[in-house]
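Let me begin by presenting the structure, written as structure tokens, before commenting on it.
Owing to the predicted nature of the structure, the values given are computational and were not obtained by experimental measurement. To find a chain, count down the sequence lines: A is the first, B the second, and so on, and within it residues start at 1.
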Amino acid sequence: MSQHALLSAGAKAWRSIPCFRAELRLDLTLGCGQTFRWRETGKDHWTGVMGGRVWTLTQTEDTLWYHVYSSQGGPGLVNGQKRKAGLGPQCSGKRLKGMKDVKEEDDELGLDTVSSVQVEKEEKLLRDYFQLSVKLVDLYKEWSSADQHFNHTGSIFTGVRMLRQDPVECLFSFICSSNNHISRIQGMVERLCNTLGTPLCTLDDTHYHDFPSIQALADSKVEACLRDLGFGYRARFLQQSANLIMSSHGPDWLHSLRSVPYLQAREALRTLPGVGLKVADCVSLMSLEKSEAVPVDTHVWQIAKRDYSCAAGSGQKTLTDKVYNEIGDFFRKLWGPYAGWAHSVLFCADLKKFQNLKEVAIKEEKIVEVVADPEDVSESSRCH
DNA sequence: TGTCAACCTGT
DNA sequence: CAGGTTGAC
């Protein structure tokens, strides 16, 4: 039985990319709700599916480490000639069977020889996924000089960067997000992949599958199938959106929206059932390279009012399209063309699961307070 | 334009 | 109620 890779164990082949922690924090970036596919499989080790492969990632102060698992079909069987995931019996909510012919990997001792072109391909895949060419530290500096509140929060929540995700995975994951919370979305996306996605490999009894194709999602049986899996009313949105894309645009349509201006792409997405402004902005920002897109949910609305005294819609009960756009414009004016990136830092900082980071920061501040001049506290906490 | 209920399911 | 969307006043 193959196991999840651990850097300290040294049993598997690891490769690395120079990358400072300030440029990328895996725990925050993979756990802030922009992707639902990564799990912590060891201390600070994250395993997930990306680019049709299964990866485990971890990091040290100045290095990003990664291990890519060989899939059953070998590296040749990525995008394109995937096995069709059946819609048949396994759609009744039961565990996908037929996994017993899974071949054991034999890369335990690094026996798998990987060509240098393959290595370069995988490294490029990872660099593109994390958009490492975008200098996050420089962006933090710009946002901090324009915004005092960001200066404070950003000094604690460093390394939160936008992923460049696959548009298909991003769209259908966020259609699931409506009226829902992160942990349940994670479970739903996992069931979606296990049921309709191509199997990739098995690690410690966990089956990893690729995200389903639009074709698979467009099948008319999918709605009933997903309702059985607990998707509720979102089941119909998923199938209908997939069907609409296939019947009136084609499988490459989503991807093609990368070369279209932000607002145009957002409007195109909004024609899909289950896709409103918020979901369209998530997909635009997280998979279509629209760094200025600012997804406004009830949470971000609170942040705008509470931390920025943003007047937009302050006297209203519901988040109308008008107010939605005003809040987005407010943040774009404040933060500039990468406003969506900045927004995710504050969003991350507001998540319940990361509140402990603030407590640590407060304790460290108090230590500074005792050591340094007690009268100069307010300044010392700001200039960091 | 703005407001409201309904939509599924789990905590 | 939960990181929303839709359809109807």
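Proximity of residues 300-322 of chain A to DNA chain B (heavy atom under 4.0 angstrom from any strand atom) is restricted to Gln316(A), Lys317(A), Thr318(A), Thr320(A), Lys322(A).
A straight line from CG of Leu277(A) to C1' of dG3(C) spans 14 Å, rounded to a whole angstrom. Put simply, CG on Asn180(A) is 17 Å from P on dC7(B), counting in whole angstrom units. Nucleotide dG4(C) holds its C1' atom 15 Å from the NE2 atom of His299(A), rounded to whole Å. As a whole-Å value, the separation of Phe231(A) CZ from dT5(C) P is 17 Å. Note: CG (Leu272(A)) to P (dT6(C)) measures 9 Å, nearest angstrom. Taking atom CZ on Arg234(A) and atom P on dG10(B), their separation rounds to 11 Å, with Å as the unit. At whole-Å resolution of the value, NE2 in His181(A) and C1' in dG3(C) are 11 Å apart. Atom-to-atom, CG of Leu192(A) to C1' of dC8(B) comes out at 16 Å; the value is rounded to the nearest Å.
Considering only side-chain N and O atoms, Arg227(A) lies under 4.0 angstrom from the phosphate OP1 or OP2 of dC8(B).
Only one option out of Lys278(A), Arg270(A), Arg266(A) pairs with Asp321(A) in a salt bridge (Lys or Arg N to Asp or Glu O under 4.0 Å); it is Arg270(A).
In this pair, Phe330(A) and Tyr308(A) present their aromatic rings perpendicular. The plane angle is above 60°, beyond the 30 to 60° band.
Distance check on atom P: dC1(C) versus dC4(B) gives 16 Å, rounded to whole Å. With P as the reference atom, dA8(C) and dC8(B) are 16 Å apart, rounded to whole Å.
Under a 3.5 Å cut-off, the side chain of His45(A) and the backbone N or O of Thr56(A) do not form any donor-acceptor pair.
Stacking is found between Tyr233(A) and the pyrimidine-like six-membered ring of the dC7(B) base under the 5.5 Å centre-distance and 30° plane-angle cut-offs.
Cluster membership for Phe172(A) and Tyr233(A), using ILVMFWY side-chain heavy atoms within less than 4.5 angstrom, is shared.
For Lys278(A) against dG4(C), no side-chain N or O and base N or O form a donor-acceptor pair under 3.5 Å. Side chain Arg184(A) to base dT11(B): no donor-acceptor pair is found below 3.5 Å.
Between Phe150(A) and His152(A), the distance from one ring center to the other does not fall under 6.0 angstrom.
Annotation: of the two residues near DNA chain C, Gly274(A) and Pro295(A), the 5′-most nearest-nucleotide partner is Pro295(A).
Using a 4.0 Å heavy-atom distance criterion, Phe174(A) is classed as making no nucleic acid contact. Heavy atoms of Cys32(A) sit under 4.0 angstrom from at least one base atom. Looking at heavy-atom distances under 4.0 Å, Gly33(A) makes contact with a base. Counting any heavy atom pair closer than 4.0 Å across all strands shown, Val323(A) reaches no nucleic acid atom.
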Worked verdict on Glu190(A) versus Arg37(A) for salt bridge (Lys or Arg N to Asp or Glu O under 4.0 Å): CA-CA 7 Å; Glu190(A) 187 173 359; Arg37(A) 292 277 270 155; over 6 Å; no
What verdict does the side chain to side chain donor-acceptor pair (under 3.5 Å) test give for Lys352(A) and Gln355(A), after you've listed the backbone C-alpha separation in whole Å, the side-chain angles of each residue and the deciding distance to 0.1 Å? CA-CA 5 Å; Lys352(A) 209 177 295 174; Gln355(A) 291 314 297; over 6 Å; no
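Of the inter-residue distances, the one linking Leu203(A) atom CG with Cys201(A) atom SG reads 5.0 Å to the nearest 0.5 angstrom.
Searching all strands for a Watson-Crick or G-U wobble partner of dG4(C) with both distances below 3.5 Å returns dC7(B).
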